[in-house]
*Asks:* 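Take a look at the following structure, please.
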Amino acid sequence: MTIAELKEGYLSAVIHQLTKLMIEYNAIVVMEDLNFGFKRGRFHVEKQVYQKFEHMLIDKLNYLVFKDRGLTEAGGVLNGYQLAGQFESFQKLGKQSGMLFYVPAGYTSKIDPKTGFVSMMNFKDLTNVHKKRAFFSKFDDIHFDDATGSFVFTFDYKNFDGKGKEEMKQTKWSVYSKDKRIVYISKTKSYEDVLPTEKLKTLFENARLEYASGNNLIDSIMEIGADLKDGAKPSKEIADFWDGLLYNFKLILQMRNSNSKTGEDYIISPVMADDGTFFDSREEFKKGENAKLPVDADANGAYHIALKGLSLINKINLADEDELKNLKISMSNADWFKFAQEKAYEN
């Protein structure tokens, strides 16, 4: 048996199980739009195999029958289910084919399922001390929280340039430095476990900033480099402080943490949910079959792709007959964030 035959046999088995679940639960299938997914390179499966799966699934759904059903029984050879249109080409698929829906994968893998938080900060232009100071001057609060043993950064996306202020339903957030982040060191091709809280403690202690009281540190932080004139080269001490503050803030926002050598691949949220907890996919994994939220980083992407599908179904269900004729099966980022954050609050 060739490798190609093995792949096709495996895909057939997967599709058989998938179609059984569709009938059993009266379910739709939501898939990621290839134009988005493979450009990002997030998939661990080659594009040709994925397209083969997609093609075979559509063919199967176009006239779905089960061998164990009677000839005229629902799902039998003479009374099959038609759950998708006939496949013509990938270009002509559009956003829907019967019970098969396609959604863009943007903001699905690195999003908190408990709060709907997404990192929308733009760090590209923060190239010197002046720009870094201006960036952090827009924060509402930076303080140490004794209850969680971490630093809290509070900001409003409306005060920053970028998509956050335009697309996010909720714009004001507080992010916590708790727990570890995994950093890939390209020079040594190795991984490092970093604790942002400990790094920030050292940073503030070296800068002689008293944080233990829990007071807002913004004013004290802004004094560092305040007398630096435009164009002047900062001292190493000042440059290192602002580099360290920005570096650790970026790490706090780093939700996906992966280490190919240890197999770690988890999502951790820096935002406290309404129940006082922080989403951590590792904790969900420990629950086994009782887990209700994603158990790892890949599952987080799949979970939110499914939520996008649910949002589309709700949109269809709420439309009246006249609206259905011209209803667009699409979703803007603003619509997605609104749905994801409202859905998170329901949970």
Side-chain angles (χ1 to χ4, degrees), residues 110 119-146 148-157 159-162 164-165 173-262 264 268-271:
K110 299 174 184 178
S119 173
M120 300 283 281
M121 287 294 189
N122 183 1
F123 300 110
K124 290 182 180 179
D125 194 41
L126 304 183
T127 54
N128 58 46
V129 168
H130 295 288
K131 291 179 179 180
K132 290 167 188 173
R133 286 187 73 255
F135 175 78
F136 282 103
S137 71
K138 298 175 183 178
F139 281 62
D140 297 319
D141 180 83
I142 299 175
H143 74 275
F144 184 75
D145 177 58
D146 195 55
T148 58
S150 58
F151 290 94
V152 187
F153 292 67
T154 299
F155 59 87
D156 191 328
Y157 278 126
N159 297 325
F160 297 85
D161 293 331
K165 66 179 180 181
W173 299 89
S174 292
V175 295
Y176 292 67
S177 64
K178 67 186 299 293
D179 222 297
K180 78 170 184 178
R181 304 296 189 270
I182 300 175
V183 178
Y184 178 69
I185 313 299
S186 57
K187 288 184 178 180
T188 59
K189 296 182 179 180
S190 60
Y191 295 88
E192 179 184 1
D193 291 345
V194 179
L195 296 172
T197 299
E198 299 309 311
K199 292 282 188 183
L200 286 168
K201 283 182 179 180
T202 300
L203 186 74
F204 291 143
E205 287 166 2
N206 290 342
R208 295 171 291 281
L209 296 181
E210 197 284 310
Y211 60 81
S213 65
N215 293 330
N216 190 347
L217 296 170
I218 289 289
D219 290 342
S220 300
I221 288 172
M222 295 311 298
E223 290 178 8
I224 300 176
D227 57 352
L228 188 66
K229 295 181 180 179
D230 289 341
K233 185 177 180 180
S235 66
K236 186 177 186 303
E237 184 180 17
I238 290 175
D240 286 349
F241 174 82
W242 288 104
D243 285 346
L245 187 62
L246 181 62
Y247 174 77
N248 283 286
F249 179 65
K250 287 180 179 178
L251 283 184
I252 292 169
L253 298 183
Q254 180 180 298
M255 297 180 69
R256 183 168 190 170
N257 295 272
S258 306
N259 184 330
S260 62
K261 294 183 179 179
T262 64
E264 291 176 279
I268 184 169
S269 173
V271 176

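Residues: numbered from 1 along the sequence shown.
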*Asks:* Of the non-hydrogen atoms in I182 and Q254, which two are nearest, and what is the gap between them?
*Replies:* O-NE2, 2.8 Å

*Asks:* Search all heavy atoms of H143 against all heavy atoms of G214 and return the closest pair with its distance.
*Replies:* CB-O, 3.4 Å

*Asks:* Hey, does the side chain of N257 reach the backbone of R181 with a donor-acceptor pair shorter than 3.5 angstrom?
*Replies:* no

*Asks:* Report the C-alpha distance between I238 and W242 in whole Å, list the side-chain angles of each, state the deciding distance to 0.1 Å, and finish with yes or no for side chain to side chain contact (heavy atoms under 4.5 Å, CB included).
*Replies:* CA-CA 7 Å; I238 290 175; W242 288 104; 3.8 Å; yes

*Asks:* For K261, is there any backbone N or O sitting under 3.5 Å from a side-chain donor or acceptor partner on Y191?
*Replies:*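 Not a single qualifying donor-acceptor pair exists.
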
*Asks:* Quick one: closest heavy-atom pair of I252 and P270, and the distance?
*Replies:* O-CB, 3.4 Å

*Asks:* For side chain to side chain contact (heavy atoms under 4.5 Å, CB included), just list the numbers for K165 and D161, CA-CA rounded to whole Å, side-chain angles, deciding distance to a tenth of an Å, and then say yes or no.
*Replies:* CA-CA 7 Å; K165 66 179 180 181; D161 293 331; 3.7 Å; yes

*Asks:* If I take atom CZ from residue F241 and atom CD1 from residue I224, how far apart are they, to the nearest 0.5 angstrom?
*Replies:* 3.5 Å

*Asks:* Given the rule in the side chain to side chain contact (heavy atoms under 4.5 Å, CB included) test, do M121 and L253 qualify, once you have shown the distances and angles that lead to the verdict?
*Replies:* CA-CA 9 Å; M121 287 294 189; L253 298 183; 4.0 Å; yes

*Asks:* Among I218, N248, I142, find the one that has a side chain to side chain contact (heavy atoms under 4.5 Å, CB included) with F153.
*Replies:*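 The passing option is I142.
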
*Asks:* Roughly how far, to the nearest 0.5 Å, is CG of D156 from NZ of K138?
*Replies:*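 Between atom NZ of K138 and atom CG of D156 there are 12.0 Å.
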
*Asks:* Determine, step by step, whether F204 and F151 satisfy the ring pair (Phe, Tyr, Trp, His ring centres under 6.0 Å) criterion, reporting the C-alpha distance in whole Å, the side-chain angles of both residues, the deciding distance to 0.1 Å, and the verdict.
*Replies:* CA-CA 11 Å; F204 291 143; F151 290 94; 5.2 Å; yes

*Asks:* How would you list, by chain and number, every residue that makes a ring-ring contact (aromatic ring centres under 6.0 Å, His included) with F139, sequence neighbours excluded?
*Replies:* F135, F136, F155, F160, F249

*Asks:* If you count every heavy atom of other residues, nucleotides or ligands that lies below 6.0 Å from N159 atom CG, does the total exceed 12?
*Replies:* yes

*Asks:* Donor-acceptor pair, N122 side chain versus G164 backbone, under 3.5 Å?
*Replies:*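 No, the answer is negative, given that no donor and acceptor are paired below the 3.5 Å cut-off.
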
*Asks:* Rounded to the nearest 0.5 Å, how far does NZ of K110 lie from CE of M255?
*Replies:* 10.0 Å

*Asks:* Are more than 12 heavy atoms from other residues, nucleotides or ligands located less than 6.0 Å from atom NZ of K180?
*Replies:*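 Yes, because the 6.0 Å sphere around NZ of K180 holds more than 12 heavy atoms from other groups.
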
*Asks:* For Y211, give me all partners under side-chain hydrogen bond (donor to acceptor under 3.5 Å, both in side chains), at least two apart in sequence or on another chain.
*Replies:*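 Result, side-chain hydrogen bond (donor to acceptor under 3.5 Å, both in side chains) vs Y211: E205.
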
*Asks:* Taking atom NZ of K199 as the centre, does the number of heavy atoms from other residues, nucleotides or ligands within less than 6.0 Å exceed 12?
*Replies:* no

*Asks:* Is a donor from one side chain sitting under 3.5 angstrom from an acceptor on the other, for N128 and H130?
*Replies:* no

*Asks:* Which pairs count as salt bridge (charged side-chain N to carboxylate O under 4.0 Å, His left out) when at least one residue sits in residues 229-238, sequence neighbours excluded?
*Replies:*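 Counting only pairs at least two positions apart or across chains, the salt bridge (charged side-chain N to carboxylate O under 4.0 Å, His left out) contacts touching residues 229-238 are R208-E237, K236-D240.
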
*Asks:* Identify the two heavy atoms, one from P196 and one from D179, that lie closest to each other, and give their separation to 0.1 Å.
*Replies:* CD-O, 3.3 Å

*Asks:* Could you tell me which non-hydrogen atom of S137 sits nearest to which non-hydrogen atom of M222, and how far apart they are?
*Replies:*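 So the two residues come closest at CB-CE, 3.5 Å.
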
*Asks:* With no hydrogens and no angle check, is any side-chain donor or acceptor of T197 less than 3.5 Å from a backbone partner on S177?
*Replies:*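 Yes; judged by distance alone, with no hydrogens or angles, the pair exists.
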
*Asks:* Which heavy atom in L203 sits nearest to a heavy atom in G244, and how many Å separate them?
*Replies:* CD2-C, 3.8 Å

*Asks:* Determine, stepwise, if the pair D243 / V129 fulfils side chain to side chain contact (heavy atoms under 4.5 Å, CB included).
*Replies:* CA-CA 8 Å; D243 285 346; V129 168; over 6 Å; no

